[in-house]
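The structure under discussion appears below in the form of C-alpha coordinates.
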Amino acid sequence: MSTNDAKGGNLLAISDLHVGYPANREIVAGLRPTSDQDWLIVAGDVGEHVADVAWALGLLRERFATVVWTPGNHELWTPRDDPVQLRGEQRYQHLVGLCRDLGVVTPEDPYPVWTGPGGPVVVAPLFLLYDYSFRAAGTSKQESLAWAHRSGVVCTDEFLLHPDPYPDADTWCAARVRQTERRLDALDPALPTVLVNHFPMTREPTEVLRYPQFAQWCGTTRTADWHRRYRARAVVYGHLHIPRTTWADDVPFVEVSLGYPREREMYGRHGDHLRVVLPAEENA
(Lines give C-alpha, C1' and ligand atoms only; values in the text may rest on other atoms or scores of the structure.)
Protein backbone atom coordinates (compact mmCIF):
# COMPACT_ATOMS: atom_id res chain seq x y z
CA MET A 1 0.00 0.00 0.00
CA SER A 2 1.11 3.54 -0.69
CA THR A 3 0.23 6.55 1.45
CA ASN A 4 -0.40 10.20 0.75
CA ASP A 5 0.98 13.14 2.69
CA ALA A 6 -2.27 15.11 2.76
CA LYS A 7 -3.21 16.79 6.03
CA GLY A 8 -6.11 18.64 4.43
CA GLY A 9 -8.12 18.31 1.27
CA ASN A 10 -11.07 16.12 0.41
CA LEU A 11 -11.54 12.63 -0.96
CA LEU A 12 -13.88 13.35 -3.87
CA ALA A 13 -15.70 11.04 -6.27
CA ILE A 14 -17.53 10.99 -9.59
CA SER A 15 -18.51 8.32 -12.10
CA ASP A 16 -20.32 7.83 -15.39
CA LEU A 17 -18.63 10.76 -17.09
CA HIS A 18 -19.65 9.55 -20.57
CA VAL A 19 -17.41 12.11 -22.23
CA GLY A 20 -18.60 11.10 -25.70
CA TYR A 21 -21.44 13.56 -25.02
CA PRO A 22 -20.22 17.11 -25.72
CA ALA A 23 -22.07 18.50 -22.69
CA ASN A 24 -20.39 15.96 -20.43
CA ARG A 25 -17.00 16.62 -21.98
CA GLU A 26 -17.45 20.30 -21.19
CA ILE A 27 -18.32 19.49 -17.57
CA VAL A 28 -15.28 17.25 -17.18
CA ALA A 29 -13.07 19.93 -18.70
CA GLY A 30 -14.30 22.26 -15.96
CA LEU A 31 -13.76 19.97 -12.97
CA ARG A 32 -11.32 21.44 -10.45
CA PRO A 33 -10.07 20.39 -7.01
CA THR A 34 -10.87 22.50 -3.98
CA SER A 35 -7.23 22.29 -2.88
CA ASP A 36 -3.95 20.89 -4.14
CA GLN A 37 -4.39 17.97 -1.71
CA ASP A 38 -7.70 16.67 -3.09
CA TRP A 39 -7.92 13.11 -4.35
CA LEU A 40 -10.47 12.09 -6.99
CA ILE A 41 -12.14 8.71 -7.34
CA VAL A 42 -13.45 8.01 -10.86
CA ALA A 43 -15.76 5.03 -10.53
CA GLY A 44 -16.05 3.96 -14.15
CA ASP A 45 -17.84 4.70 -17.40
CA VAL A 46 -15.49 7.47 -18.44
CA GLY A 47 -16.26 6.64 -22.07
CA GLU A 48 -16.43 3.90 -24.67
CA HIS A 49 -13.37 4.83 -26.74
CA VAL A 50 -9.86 4.40 -25.39
CA ALA A 51 -8.86 7.87 -26.61
CA ASP A 52 -11.70 9.44 -24.63
CA VAL A 53 -10.69 7.58 -21.48
CA ALA A 54 -7.10 8.74 -21.93
CA TRP A 55 -8.16 12.36 -22.47
CA ALA A 56 -10.39 12.54 -19.41
CA LEU A 57 -8.15 10.69 -16.96
CA GLY A 58 -5.07 12.52 -18.20
CA LEU A 59 -6.76 15.89 -17.68
CA LEU A 60 -7.96 14.97 -14.19
CA ARG A 61 -4.60 13.57 -13.18
CA GLU A 62 -2.98 16.93 -14.05
CA ARG A 63 -5.33 18.66 -11.60
CA PHE A 64 -5.81 16.30 -8.66
CA ALA A 65 -3.13 15.06 -6.27
CA THR A 66 -4.21 11.44 -6.84
CA VAL A 67 -6.75 9.93 -9.23
CA VAL A 68 -8.15 6.45 -8.54
CA TRP A 69 -10.01 4.68 -11.37
CA THR A 70 -11.99 1.51 -11.69
CA PRO A 71 -13.61 0.43 -14.97
CA GLY A 72 -17.28 0.53 -15.76
CA ASN A 73 -18.97 -1.58 -18.37
CA HIS A 74 -18.63 1.13 -21.04
CA GLU A 75 -14.83 1.13 -20.94
CA LEU A 76 -14.99 -2.62 -21.56
CA TRP A 77 -17.11 -2.32 -24.69
CA THR A 78 -15.44 -2.86 -28.05
CA PRO A 79 -17.21 -0.39 -30.36
CA ARG A 80 -16.67 -0.96 -34.06
CA ASP A 81 -15.43 2.61 -34.56
CA ASP A 82 -12.78 2.46 -31.84
CA PRO A 83 -9.29 2.01 -33.35
CA VAL A 84 -8.49 -0.16 -30.30
CA GLN A 85 -10.32 -3.41 -31.05
CA LEU A 86 -9.13 -5.37 -28.02
CA ARG A 87 -11.76 -7.40 -26.18
CA GLY A 88 -12.40 -8.58 -22.66
CA GLU A 89 -9.41 -9.10 -20.39
CA GLN A 90 -7.00 -7.76 -23.02
CA ARG A 91 -8.96 -4.52 -23.27
CA TYR A 92 -9.05 -4.17 -19.49
CA GLN A 93 -5.29 -4.72 -19.22
CA HIS A 94 -4.71 -2.20 -22.00
CA LEU A 95 -6.65 0.39 -20.00
CA VAL A 96 -4.67 -0.50 -16.87
CA GLY A 97 -1.45 0.15 -18.79
CA LEU A 98 -2.80 3.45 -20.09
CA CYS A 99 -3.68 4.53 -16.54
CA ARG A 100 -0.27 3.59 -15.23
CA ASP A 101 1.34 5.70 -17.93
CA LEU A 102 -0.82 8.61 -16.75
CA GLY A 103 -0.10 8.00 -13.06
CA VAL A 104 -3.67 6.94 -12.30
CA VAL A 105 -4.29 4.22 -9.67
CA THR A 106 -6.11 1.11 -10.95
CA PRO A 107 -7.56 -2.04 -9.35
CA GLU A 108 -4.31 -3.82 -10.25
CA ASP A 109 -2.10 -1.44 -8.25
CA PRO A 110 -1.31 -1.28 -4.52
CA TYR A 111 -4.29 0.26 -2.76
CA PRO A 112 -3.42 3.81 -1.66
CA VAL A 113 -4.04 5.04 1.87
CA TRP A 114 -5.82 8.36 2.34
CA THR A 115 -4.38 10.13 5.39
CA GLY A 116 -6.28 13.39 5.01
CA PRO A 117 -9.43 14.32 6.97
CA GLY A 118 -11.34 11.18 7.90
CA GLY A 119 -8.26 8.99 7.41
CA PRO A 120 -6.30 6.90 7.48
CA VAL A 121 -8.36 4.65 5.22
CA VAL A 122 -7.43 2.28 2.44
CA VAL A 123 -9.00 3.41 -0.85
CA ALA A 124 -9.64 0.15 -2.69
CA PRO A 125 -10.69 0.38 -6.36
CA LEU A 126 -12.41 -2.89 -7.30
CA PHE A 127 -13.19 -4.44 -10.66
CA LEU A 128 -15.83 -7.11 -10.03
CA LEU A 129 -18.27 -6.97 -12.98
CA TYR A 130 -21.68 -8.72 -12.55
CA ASP A 131 -23.09 -12.23 -12.74
CA TYR A 132 -26.84 -11.75 -13.33
CA SER A 133 -27.59 -12.67 -9.70
CA PHE A 134 -29.59 -9.44 -9.13
CA ARG A 135 -32.61 -11.11 -10.72
CA ALA A 136 -36.12 -12.01 -9.58
CA ALA A 137 -36.21 -14.63 -6.85
CA GLY A 138 -36.80 -18.14 -8.13
CA THR A 139 -35.77 -17.40 -11.72
CA SER A 140 -32.76 -18.68 -13.62
CA LYS A 141 -30.35 -16.52 -15.57
CA GLN A 142 -31.89 -17.79 -18.81
CA GLU A 143 -35.41 -16.93 -17.63
CA SER A 144 -34.31 -13.49 -16.47
CA LEU A 145 -32.60 -12.72 -19.78
CA ALA A 146 -35.64 -13.93 -21.68
CA TRP A 147 -37.84 -11.56 -19.65
CA ALA A 148 -35.50 -8.68 -20.49
CA HIS A 149 -35.57 -9.48 -24.21
CA ARG A 150 -39.37 -9.75 -24.22
CA SER A 151 -39.57 -6.38 -22.47
CA GLY A 152 -37.06 -4.70 -24.78
CA VAL A 153 -34.84 -3.81 -21.80
CA VAL A 154 -31.51 -5.36 -22.71
CA CYS A 155 -28.17 -3.92 -21.65
CA THR A 156 -25.87 -3.05 -24.55
CA ASP A 157 -23.22 -5.15 -22.79
CA GLU A 158 -24.87 -8.19 -24.36
CA PHE A 159 -23.62 -6.97 -27.73
CA LEU A 160 -20.44 -4.96 -27.05
CA LEU A 161 -18.89 -6.30 -23.82
CA HIS A 162 -16.95 -9.46 -24.62
CA PRO A 163 -15.68 -11.58 -21.69
CA ASP A 164 -12.73 -13.14 -23.57
CA PRO A 165 -11.01 -15.39 -22.63
CA TYR A 166 -13.78 -16.31 -20.17
CA PRO A 167 -16.86 -18.07 -21.56
CA ASP A 168 -19.25 -15.50 -20.08
CA ALA A 169 -19.46 -12.50 -17.75
CA ASP A 170 -20.48 -14.75 -14.86
CA THR A 171 -17.19 -16.63 -14.98
CA TRP A 172 -15.14 -13.45 -15.34
CA CYS A 173 -17.02 -11.97 -12.37
CA ALA A 174 -16.35 -15.04 -10.22
CA ALA A 175 -12.64 -14.88 -11.02
CA ARG A 176 -12.48 -11.17 -10.19
CA VAL A 177 -14.32 -11.71 -6.89
CA ARG A 178 -11.91 -14.46 -5.82
CA GLN A 179 -8.86 -12.43 -6.76
CA THR A 180 -10.16 -9.31 -5.02
CA GLU A 181 -11.11 -11.18 -1.85
CA ARG A 182 -7.54 -12.38 -1.50
CA ARG A 183 -6.23 -8.83 -1.74
CA LEU A 184 -8.77 -7.40 0.70
CA ASP A 185 -8.21 -10.24 3.15
CA ALA A 186 -4.51 -9.34 3.21
CA LEU A 187 -5.11 -5.72 4.27
CA ASP A 188 -4.12 -4.44 7.70
CA PRO A 189 -7.19 -5.27 9.84
CA ALA A 190 -6.62 -2.08 11.83
CA LEU A 191 -7.41 0.09 8.80
CA PRO A 192 -10.91 0.88 7.55
CA THR A 193 -11.58 1.08 3.84
CA VAL A 194 -13.37 3.03 1.17
CA LEU A 195 -14.58 0.41 -1.30
CA VAL A 196 -14.90 1.69 -4.87
CA ASN A 197 -16.72 -0.29 -7.55
CA HIS A 198 -18.55 0.80 -10.66
CA PHE A 199 -21.46 -1.52 -9.91
CA PRO A 200 -23.52 -1.46 -6.70
CA MET A 201 -22.12 -3.87 -4.11
CA THR A 202 -25.51 -4.70 -2.64
CA ARG A 203 -28.79 -5.31 -4.39
CA GLU A 204 -30.79 -2.66 -2.53
CA PRO A 205 -29.85 0.33 -4.74
CA THR A 206 -31.38 -1.41 -7.77
CA GLU A 207 -34.80 -1.61 -6.14
CA VAL A 208 -35.63 1.91 -7.36
CA LEU A 209 -34.85 1.21 -11.02
CA ARG A 210 -37.60 2.20 -13.41
CA TYR A 211 -36.95 -1.01 -15.34
CA PRO A 212 -36.22 -3.82 -12.86
CA GLN A 213 -35.08 -6.05 -15.73
CA PHE A 214 -31.86 -4.00 -15.85
CA ALA A 215 -30.82 -5.02 -12.32
CA GLN A 216 -29.25 -8.27 -13.53
CA TRP A 217 -26.46 -6.24 -15.18
CA CYS A 218 -25.79 -4.28 -11.98
CA GLY A 219 -23.62 -6.39 -9.68
CA THR A 220 -23.28 -9.64 -7.79
CA THR A 221 -24.77 -10.97 -4.57
CA ARG A 222 -21.28 -12.28 -3.69
CA THR A 223 -20.37 -8.82 -2.32
CA ALA A 224 -23.45 -8.25 -0.14
CA ASP A 225 -21.48 -8.32 3.13
CA TRP A 226 -18.20 -6.77 1.98
CA HIS A 227 -18.93 -3.44 3.63
CA ARG A 228 -18.92 -5.29 6.96
CA ARG A 229 -16.18 -7.80 6.19
CA TYR A 230 -13.76 -5.12 5.04
CA ARG A 231 -14.52 -2.37 7.55
CA ALA A 232 -15.90 0.09 5.01
CA ARG A 233 -16.02 3.72 6.06
CA ALA A 234 -17.92 4.30 2.80
CA VAL A 235 -18.82 2.44 -0.40
CA VAL A 236 -18.61 4.41 -3.66
CA TYR A 237 -20.33 3.26 -6.85
CA GLY A 238 -22.03 4.48 -10.02
CA HIS A 239 -23.70 2.75 -12.98
CA LEU A 240 -27.32 3.44 -11.99
CA HIS A 241 -27.26 7.17 -12.81
CA ILE A 242 -29.19 7.79 -9.59
CA PRO A 243 -26.82 9.97 -7.50
CA ARG A 244 -27.72 9.70 -3.82
CA THR A 245 -26.49 8.34 -0.50
CA THR A 246 -28.15 5.35 1.18
CA TRP A 247 -27.12 3.57 4.36
CA ALA A 248 -26.64 -0.04 5.40
CA ASP A 249 -25.21 -1.10 8.77
CA ASP A 250 -24.30 2.56 9.39
CA VAL A 251 -22.15 2.60 6.23
CA PRO A 252 -22.89 5.23 3.56
CA PHE A 253 -23.28 3.89 0.03
CA VAL A 254 -22.56 6.87 -2.21
CA GLU A 255 -23.74 6.78 -5.84
CA VAL A 256 -21.66 9.40 -7.67
CA SER A 257 -22.86 9.34 -11.29
CA LEU A 258 -22.71 12.36 -13.56
CA GLY A 259 -24.93 10.50 -16.03
CA TYR A 260 -26.35 11.55 -19.38
CA PRO A 261 -27.28 15.16 -20.25
CA ARG A 262 -30.94 14.27 -20.71
CA GLU A 263 -31.08 12.83 -17.18
CA ARG A 264 -29.62 15.97 -15.63
CA GLU A 265 -32.17 18.09 -17.48
CA MET A 266 -35.05 15.79 -16.58
CA TYR A 267 -34.23 15.71 -12.88
CA GLY A 268 -32.68 19.16 -12.52
CA ARG A 269 -29.25 17.86 -11.52
CA HIS A 270 -27.06 20.90 -11.82
CA GLY A 271 -24.30 22.51 -9.82
CA ASP A 272 -21.35 20.75 -8.22
CA HIS A 273 -20.92 17.30 -9.71
CA LEU A 274 -18.12 16.10 -7.40
CA ARG A 275 -19.25 14.23 -4.29
CA VAL A 276 -17.31 14.42 -1.03
CA VAL A 277 -16.62 10.95 0.37
CA LEU A 278 -14.33 12.05 3.20
CA PRO A 279 -14.67 13.88 5.56
CA ALA A 280 -17.62 11.65 6.24
CA GLU A 281 -20.04 14.30 7.45
CA GLU A 282 -20.39 15.54 3.87
CA ASN A 283 -22.12 12.24 2.93
CA ALA A 284 -25.28 13.06 4.80
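Using modelled atom types, one side-chain atom of R203 and one backbone atom of R135 make a donor-acceptor pair closer than 3.5 Å. The closest donor-acceptor contact from the side chain of D52 to the backbone of H49 lies at 3.5 Å or more, if one exists at all. In this structure, D168 contributes its side chain and T171 its backbone to a donor-acceptor pair below 3.5 Å. A side-chain donor-acceptor contact under 3.5 Å links E143 to the backbone of S140. With hydrogens and angles ignored, the 3.5 Å screen pairs no side-chain donor or acceptor of S257 with any backbone N or O of G259. Checked by atom type and distance alone, the side chain of E255 pairs as donor or acceptor with a backbone atom of I242 at under 3.5 Å.
The two residues H239 and D16 have their closest heavy-atom pair at N-OD1, 2.9 Å. Across all their heavy atoms, N73 and C155 have their closest contact at ND2-SG, 4.2 Å. The heavy-atom pair separating R264 from A23 by the smallest distance is NH2-CB, 4.1 Å. Scanning all heavy atoms of the two residues, the minimum distance from F199 to Y237 falls at O-CB, 3.8 Å. Between H198 and A43, the closest heavy-atom pair is ND1-O, 2.8 Å. Among all heavy-atom pairs drawn from V84 and T78, the shortest one is O-CG2, 4.4 Å.
Other members of the cluster containing M266 are Y267, with ILVMFWY side chains joined at under 4.5 Å, either directly or via other members. Counting side-chain heavy-atom gaps under 4.5 Å among Ile, Leu, Val, Met, Phe, Trp and Tyr, the cluster of Y260 also holds Y21.
One finds the CG atom of D101 at 12.0 Å from the CG atom of L57 (value rounded to the nearest 0.5 Å). Distance check, rounded to the nearest 0.5 Å: CG of L31 to CG of L258 gives 8.0 Å. Put simply, CZ on R87 and NE2 on H94 are 16.0 Å apart, with the number rounded to the nearest 0.5 Å. A distance of 10.0 Å separates CG in N10 from CG in L274, rounded to the nearest 0.5 Å. Within the model, atoms OG1 of T156 and CD of E48 stand 9.0 Å from one another, a figure rounded to the nearest 0.5 Å. Note: E207 CD to T246 OG1 = 10.0 Å, rounded to the nearest 0.5 Å.
For the pair W147 and Q142, the minimum side-chain heavy-atom distance is 4.5 Å or more. By the 4.5 Å heavy-atom criterion applied to side chains, V194 and V122 are not counted as neighbours. In this structure the side chain of C218 reaches within 4.5 angstrom of the side chain of L240, judged on heavy atoms. Two residues are said to be in side-chain contact when any heavy atoms from C-beta on lie closer than 4.5 Å; T180 and W226 meet this criterion. Residues L11 and V123 form a side-chain contact, since some pair of their non-hydrogen atoms from C-beta on lies under 4.5 Å apart. Using a 4.5 Å heavy-atom cutoff, the side chains of V96 and Y92 are in contact. In this structure the side chain of R231 never reaches within 4.5 angstrom of the side chain of L191, judged on heavy atoms. At least one side-chain heavy atom of Y230 sits less than 4.5 Å from a side-chain heavy atom of D185.
Y132 has its ring centre no less than 6.0 Å from the ring centre of F134.
Looking at W77 and D157, their side chains do bring a donor and an acceptor atom within 3.5 Å of each other. Side chains of N197 and T70: a donor-acceptor N/O pair is absent below 3.5 angstrom, by distance only. A donor atom on one side chain and an acceptor atom on the other are found under 3.5 Å apart for T202 and E204. In this model, a donor atom of one side chain and an acceptor atom of the other lie less than 3.5 Å apart for T245 and R275.
Salt bridge status for R222 with E181: absent, with no side-chain N to carboxylate O gap under 4.0 Å. Of the charged side-chain nitrogens involved, none lies within less than 4.0 Å of a carboxylate oxygen, so that R210 and E263 do not count as a salt-bridged pair. By the 4.0 Å N-to-carboxylate-O rule, D131 lies too far from K141 to be salt-bridged with it.
Using bins of under 30°, 30° to 60° and over 60° for the plane-to-plane angle, the ring pair H18/H74 lands in the perpendicular bin.
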Side chain to side chain contact (heavy atoms under 4.5 Å, CB included) evaluation trace for Q179 with E108:
CA-CA 10 Å; Q179 174 184 335; E108 305 310 306; 3.4 Å; yes

Could you check I41 against V256 for side chain to side chain contact (heavy atoms under 4.5 Å, CB included), going step by step and ending with a plain yes or no?
CA-CA 10 Å; I41 292 166; V256 297; over 6 Å; no

Determine, step by step, whether D45 and S15 satisfy the side-chain hydrogen bond (donor to acceptor under 3.5 Å, both in side chains) criterion, reporting the C-alpha distance in whole Å, the side-chain angles of both residues, the deciding distance to 0.1 Å, and the verdict.
CA-CA 6 Å; D45 276 9; S15 74; over 6 Å; no

As a quick check of understanding, evaluate side chain to side chain contact (heavy atoms under 4.5 Å, CB included) for L128 and M201, giving each step before the final call.
CA-CA 9 Å; L128 303 173; M201 297 188 67; 4.1 Å; yes

Begin with the C-alpha distance, continue with both residues' side-chain angles, and end with the deciding distance and a verdict on ring pair (Phe, Tyr, Trp, His ring centres under 6.0 Å) for W172 and Y130.
CA-CA 9 Å; W172 195 3; Y130 52 81; 9.5 Å; no

What's the verdict on side chain to side chain contact (heavy atoms under 4.5 Å, CB included) for L12 and V276, showing C-alpha distance, side-chain angles and the deciding distance?
CA-CA 5 Å; L12 305 169; V276 178; 3.6 Å; yes

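Heavy-atom contacts from other residues, nucleotides or ligands closer than 6.0 Å to CD of E26 number 12 or fewer. The number of heavy atoms from other shown groups lying within 6.0 Å of OH (Y211) does not exceed 12. Heavy atoms from other residues, nucleotides or ligands lying under 6.0 Å from CG of D250 number 12 at most.
When each of W69, W114, F64 is checked for a ring pair (Phe, Tyr, Trp, His ring centres under 6.0 Å) with W39, only W114 meets the rule.
Sorted by first and then second residue, the salt bridge (charged side-chain N to carboxylate O under 4.0 Å, His left out) pairs with a member in residues 61-83 read D82-R91; sequence neighbours excluded.
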